[in-house]
Amino acid sequence: MSELLPLIDSFGRLHNNLRISVTDRCNIRCFYCMPAENVEFMDKQELLTFEEIERFVRVVVPLGINKLRLTGGEPLVRRDLDQLVSRLAAIPGIEDIGLTTNGILLAEQAEALHAAGLRRINVSLDALTPGKFKQFTRRDGFEKVIEGIKAAQRVGFDPVKVNAVSVRGLTEEEIVPFGDFARNTGVEVRFIEYMPLDADNAWEREKVLFAHEIIERLSAEIMPLIPEGNQEPHAPATDFVFEDGIGRIGFIASISQPFCMSCNRIRITADGKLRNCLFSLEETDLRLLLRRTGSDAEIAAAVRASVAAKKEGHEINTARFIQPERPMYSIGG
Ligand code: SAM
Ligand code: SF4
């Protein structure tokens, strides 16, 4: 009976959203996420198989999980990802499956992913010129990402969103081009404040370009941004539209306006560790349960215990903050 109670933590937050990392590998090297060189990736046998991921999702659906997002590392480097999407889309109770990708391999996979049942795509793109793209990613590939975004729109993904990490000293000159991009393409651009999850441990508060600064700049240089009505209460992004109704811009202001009290997410890493927060310092090893003797009831109990132990918030803005050992690419953003 207790398996059927929803996943509510000690602060009354209901969890219905699971982010699944399918790999820690990536084909680029964004400075705010990965080290430049000598990345130590997980061994293949450490990764949850598609069967194990599917079983896990089937166990958590009765606990109230109905939204999934596939992420990584770069999820499109995991072979046959469309087959995982098909398996997950077929699970009764799953209402929504999204994918966050850097877009490099999207043009070649968009059609198969759409056919498999994926409908929502977020493409990460921090700049609108090849040179600035390389400053963020330490790799070439800007044109491929643009091709990927066009392919996603062409095959019918709706919405297609672009995520841009906002970094002081780099993002300023991208703000107006991104505003124009949103207006010209119909893609919603979402600025994400740079968070302390980089492998190089180089994050400082001074390096974050805050949402309000971007709003002021867009409003002054393009036209006023108006907050959208009917925002989904658990969405981390606050969405705006330009005054004339053309062009949507969102902000994930994790640093300047933390949204921890409305968080509804849990995450499983590619090697099967359950995390109740991006910034948590503890994890629950579910791979052991999934791979060995764990019954569905034991797995469900472990998920429930992890949610029950969730902390109130991330504490980035306090002296108590400790950056997690895992950088973003190995957690799954
Ligand atoms: N590789 C895929 C991608 O880049 O879209 C999926 C994984 S990536 C870790 C997920 C998201 O996290 C991306 O939008 C990325 O920009 C964002 N991200 C990574 N490190 C970040 C950081 N330190 N602060 C804010 N966002 C970050
Ligand atoms: Fe790769 Fe995504 Fe991390 Fe960039 S943010 S290095 S694309 S995993």
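For the numbers below, each heavy atom of this structure counts, side chains included, while hydrogens, waters and symmetry mates do not. All ligand and atom numbering here is 1-based and tracks the order in the structure.
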Inset, instruction - Tell me how many protein N, O or S atoms are closer than 2.8 Å to atom 4 (Fe) of ligand 2. - result: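 Considering protein N, O and S only, atom 4 (Fe) of ligand 2 has 1 within range.
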
Legend entry - Enclosure of Q257 CD (heavy-atom neighbours >12, cutoff 6.0 Å):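 No.
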
So, [X] and [Y], do they make that salt bridge, N to O below 4.0 Å?
{"X": "E174", "Y": "K132", "result": "yes"}
{"X": "R190", "Y": "D239", "result": "no"}
{"X": "D9", "Y": "K311", "result": "no"}
{"X": "K207", "Y": "D200", "result": "no"}

Please tabulate, line by line, the atom pairs linking an N/O of ligand 1 to a protein N/O at a distance below 3.5 Å, with the distance in Å to 0.1, or answer 'none'.
{"from": "ligand 1", "atom 1": "1 (N)", "to": "G73", "atom 2": "O", "distance (Å)": "2.9"}
{"from": "ligand 1", "atom 1": "1 (N)", "to": "E74", "atom 2": "OE1", "distance (Å)": "3.2"}
{"from": "ligand 1", "atom 1": "4 (O)", "to": "S124", "atom 2": "OG", "distance (Å)": "3.4"}
{"from": "ligand 1", "atom 1": "5 (O)", "to": "T101", "atom 2": "N", "distance (Å)": "3.4"}
{"from": "ligand 1", "atom 1": "5 (O)", "to": "T101", "atom 2": "O", "distance (Å)": "3.2"}
{"from": "ligand 1", "atom 1": "5 (O)", "to": "S124", "atom 2": "OG", "distance (Å)": "2.5"}
{"from": "ligand 1", "atom 1": "14 (O)", "to": "S124", "atom 2": "OG", "distance (Å)": "2.7"}
{"from": "ligand 1", "atom 1": "14 (O)", "to": "N163", "atom 2": "ND2", "distance (Å)": "3.4"}
{"from": "ligand 1", "atom 1": "16 (O)", "to": "Y32", "atom 2": "OH", "distance (Å)": "3.4"}
{"from": "ligand 1", "atom 1": "23 (N)", "to": "Y32", "atom 2": "O", "distance (Å)": "2.9"}
{"from": "ligand 1", "atom 1": "23 (N)", "to": "M195", "atom 2": "O", "distance (Å)": "2.9"}
{"from": "ligand 1", "atom 1": "24 (N)", "to": "M195", "atom 2": "N", "distance (Å)": "2.9"}

Legend entry - Residue pairs involving residues 142-158 (criterion side-chain hydrogen bond (donor to acceptor under 3.5 Å, both in side chains); sequence neighbours excluded):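 As it turns out, there is no side-chain hydrogen bond (donor to acceptor under 3.5 Å, both in side chains) pair with a partner in residues 142-158 once direct neighbours are skipped.
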
Would you give me the side-chain donor-acceptor pairs under 3.5 Å for residues 80-98, sequence neighbours excluded?
{"from": "S86", "atom 1": "OG", "to": "D82", "atom 2": "O", "distance (Å)": "3.2"}
{"from": "R87", "atom 1": "NH1", "to": "E54", "atom 2": "OE1", "distance (Å)": "2.6"}
{"from": "R87", "atom 1": "NH2", "to": "E51", "atom 2": "OE2", "distance (Å)": "2.9"}
{"from": "D96", "atom 1": "OD1", "to": "R120", "atom 2": "NE", "distance (Å)": "3.4"}
{"from": "D96", "atom 1": "OD2", "to": "R120", "atom 2": "NE", "distance (Å)": "3.4"}

Legend entry - Cation-pi geometry met for R248 and F240 (6.0 Å, 45°):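 No, R248 does not lie over the aromatic ring of F240.
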
Legend entry - Residue selection (non-hydrogen contact nearest atom 2 (Fe) of ligand 2) among G103, G73, G333, G72: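 Shortest heavy-atom distance from atom 2 (Fe) of ligand 2: G73.
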
Inset, instruction - Treat each ILVMFWY residue as a node, draw an edge where side-chain heavy atoms are under 4.5 Å apart, and state whether V155 and L113 are in one component. - result: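 Yes: a chain of side-chain contacts under 4.5 Å links V155 to L113.
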
Legend entry - Ring center gap for F157 and H114 short of 6.0 angstrom: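 That pair passes the under 6.0 Å test.
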
